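First comes the structure, then the notes that go with it.
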Amino acid sequence: MADGAMTATFLAVIGGASLLAVTARRLRPVDRLPSLEGWALADRGLGPGWTWLLLGGTIFTAYTFTAVPGLAYGNGAPAFFAVPYTVIVCPLAFVLLSRLGSVARRHGYITAADFVRGRYGSSPLALVVALTGILATMPYLALQLLGIRAVLTAGGVYPRGAAGDLVLVALFAGLAVATYRHGLRAPAVISALKAVAVFVSLTAVTWLVLERFGGPGPVFDGAAERLGGPALLLSPEQQPAYATLALGSALALLMYPHVLTAGFAADGPRTLRRVSVALPAWTGLLALFGFLGVAALAAGVRAPRGGAEAAVPMLVDRLMPAPLAGLVFAAIAVGALVPAAVMSIAAATSFVRNVYVEYVHPTATPKRQVRIAKAVSLTAKVGAVAFVFGLRDQDAVNLQLLGGVWILQIFPAVAVGLFTGRLHPRALLAGWAVGMASGTYLVVREGFSSIVPLGTGAGPLEIYAGLAALLLNLTVAVAGTAALERLGVPRGADATDLPSRLTVRRRPETGANNP
């Protein structure tokens with residue numbers, strides 16, 4: 001059972017998040033008419049501080065903060081692939097996100113599929129980009145709930161049975177109402193509390209761990225003894241898997257709709273470049289969470305079978321006074337609310353812009369588009385809750401692994417399309433189909449493992465399945481483009497005029513207070 005002081009601290013932080021969400025209405029200009037851009041992107045008016053909070057809070061999810069230390073607890077060194085992966089994201093965001101954000105701002109694009117539609121003049125290609133984003137986002141949204149439940153269960157804050165389910169629903173209900181009313185502004189405001197709570201609580205836990213063990217050396221020595229020594233170091237056979245998983249995950253992350261939505265809300269490309277430079281602060285946070293997974297192993301924490309993600313919450317419960325433990329649990333719970341809100345907004349926006357308006361109701365007014373987006377956003381949250389209660393936790397994890405492979409297959413159309421329009425839309429569509437099919441096959445064949453062996457013999461090379469599928473995707477796209485050009489098949493009209501506008505002239509950037 002949870003200590004009363006722990007529960008009180010937990011509820012106080014969660015209550016503070018709810019109160020902050022209510023204040024999001026103050027960020028909305030009173031003289032603006034309802035628009036999808038205003039609801040989903042906060043009128044593209046977030047300055048560097050808010051963008052850093054929102055983008056970092058969106059990328060670094062609650063499940064990341066439990067899964068990475070859980071993997072370190074169970075497997076040792078391979079878990080730390082998340083550190084170079086998030087480091088690689090920073091220069092990629094500096095180049096790709098700022099460039100894509102500039103194009104989106106200039107042409108009024110709200111989603112990646114909008115850009116693809118304008119760049120290639122292909123509705124089918126834009127549709128598959130939008131549907132892939134939605135498909136990859138939904139299990140990711142469900143994982144946020146699983147992260148909350150794992151933390152609260154380990155801390156004894158999650159009651160058994162229907163009472164616990166009601167606690168989870170209540171946490172999500174406040175988020176759903178705030179997001180429904182205020183759109184992206186709600187998670188933007190909550191992200192400030194998330195940053196403060198996570199940074200403060202993690203610093204406190206790390207300090208207590210180091211004080212108890214006498215430094216990081218004894219922590220790693222104790223963990224090495226329990227893992228059998230070499231598990232805290234990568235073997236030569238593990239290095240290709242480690243490197244390709246880090247690279248592939250970094251490329252995939254910037255294709256997720258929720259990351260692009262947070263980026264598009266910035267007030268200009270200069271803000272996105274500044275934020276990209278400052279994102280490694282969140283990476284340091286993730287590295288410390290991984291270290292706590294090692295510390296849990298050294299401390300002799302016994303996580304339940306198949307529940308390694310509970311190792312750090314159990315360590316916190318053992319080491320910290322009840323009020324501070326409640327702060328840590330609340331910080332991770334709030335950490336799930338920000339990405340969950342942005343994910344539901346991004347999925348709803350993609351559906352409205354690239355499915356509903358494109359194929360169902362082309363003359364929908366801005367007000368109607370916002371109304372439909374709000375309804376879809378709410379439906380996505382309800383679906384995530386139903387998914388968590390109706391299926392096994394491992395099902396959500398398996399689908400999220402597939403989601404990472406799937407979202408990587410839109411990289412040629414989106415990221416490569418930022419720099420060249422030479423690839424033919426039909427070839428890109430064929431490459432996407434090959435990448436989706438081959439990636440899904442490889443992951444399912446290996447029992448839902450994202451690391452797959454390639455080659456035959458005694459020592460096949462193990463690499464990330466998503467990267468292998470992406471290479472096939474690009475090969476088909478390039479070869480298909482050459483074949484279609486030789487046959488004289490016309491391509492769609494390019495409405496972006498990307499090279500000349502981005503490289504010849506620069507437009508003045510708009511400040512956060514005057515979007």
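Remember, it's a predicted structure, so these values are computed and weren't measured experimentally.
Side-chain N or O atoms of Ser377 include none that pairs as donor or acceptor with a backbone N or O of Ala373 at under 3.5 Å. One N or O on the side chain of Tyr73 and one on the backbone of Val301 form a donor-acceptor pair closer than 3.5 Å. In terms of modelled atom types and a separation under 3.5 Å, the side chain of Arg353 and the main chain of Thr111 share no donor-acceptor contact. In this structure, Thr271 contributes its side chain and Asp267 its backbone to no donor-acceptor pair below 3.5 Å. With Arg318 contributing its side chain and Ala299 its backbone, the two residues share a donor-acceptor pair below 3.5 Å. Put simply, the side chain of Glu225 never gets that close to the backbone of Gly222: no donor and acceptor are under 3.5 Å apart. A distance-only check finds a donor-acceptor pair linking the side chain of Thr244 to the backbone of Pro240 [under 3.5 Å]. Although no hydrogens or angles enter the test, the distance criterion places a donor-acceptor pair under 3.5 Å between the side chain of Arg185 and the main chain of Gly38. Side chain of Lys194 to backbone of Gly57: a donor-acceptor contact under 3.5 angstrom is found. Ser249 contributes no side-chain N or O that, together with a main-chain N or O of Ala246, makes up a donor-acceptor pair within less than 3.5 Å.
Side-chain contact between Leu234 and Tyr242 is present, with heavy atoms from C-beta onward closer than 4.5 Å. Inter-residue side-chain proximity for Leu251 and Leu92 is flagged as met; some heavy-atom pair is nearer than 4.5 Å. Contact check for Val405 versus Leu470: no side-chain heavy atoms found under the 4.5 Å cut-off. Between Leu272 and Phe94 the shortest side-chain heavy-atom distance does not fall below 4.5 Å. Looking at Tyr85 and Leu253, their side chains come closer than 4.5 Å, going by heavy atoms from C-beta outward. Side-chain atoms of Thr206 and Leu210, non-hydrogen and from C-beta on, do get closer than 4.5 Å to each other.
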Query - Worked verdict on Phe199 versus Trp282 for ring-ring contact (aromatic ring centres under 6.0 Å, His included) - result: CA-CA 9 Å; Phe199 275 89; Trp282 288 94; 5.4 Å; yes

**Report entry** Working for side-chain contact (heavy atoms from CB on, under 4.5 Å), residues Leu202 and Phe289
**Finding:** CA-CA 8 Å; Leu202 182 59; Phe289 268 106; 3.8 Å; yes

Report task. Step by step, work out the ring-ring contact (aromatic ring centres under 6.0 Å, His included) result for Phe115 and His107. Result -> CA-CA 9 Å; Phe115 164 74; His107 294 282; 8.9 Å; no

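In this structure, the separation between CG on Leu254 and CD1 on Ile88 is 11.0 Å, given to the nearest 0.5 Å. Distance CZ/Phe448 to CD/Gln400: 12.5 Å, rounded to 0.5 Å. Between the OG atom of Ser201 and the CE atom of Met320 there is a distance of 7.5 Å, given to the nearest 0.5 Å. Summarising the geometry, atom CG belonging to Leu418 is positioned 6.0 Å from atom CZ belonging to Arg99; distances are rounded to the nearest 0.5 Å. Here the straight-line distance linking atom OG1 of Thr86 with atom CZ of Phe81 works out to 9.5 Å at 0.5 Å rounding. Remark: Ser191 OG to Leu55 CG distance equals 10.0 Å, nearest 0.5 Å.
The two residues Val443 and Val452 make their nearest non-hydrogen contact at N-CG1, 4.5 Å. Among all heavy-atom pairs drawn from Phe411 and Leu96, the shortest one is CE1-CD1, 4.2 Å. Closest non-hydrogen pair, Leu245 versus Tyr464, comes out as CD1-CD1, 3.5 Å.
Taking the six-membered ring wherever Trp is involved, the centroid distance between the rings of Tyr256 and Trp406 does not fall below 6.0 Å. With ring centers used as reference points, Phe291 lies under 6.0 Å from Phe220.
Screening Thr261, Asn354, Thr349 for a side-chain contact (heavy atoms from CB on, under 4.5 Å) with Ile110, the sole residue that qualifies is Thr349.
Side-chain polar atoms of Trp432 and Thr132 form a donor-acceptor pair below 3.5 angstrom.
Taking a cutoff of 4.0 Å between a charged side-chain nitrogen and a carboxylate oxygen, Asp114 and Arg119 do not qualify as a salt bridge.
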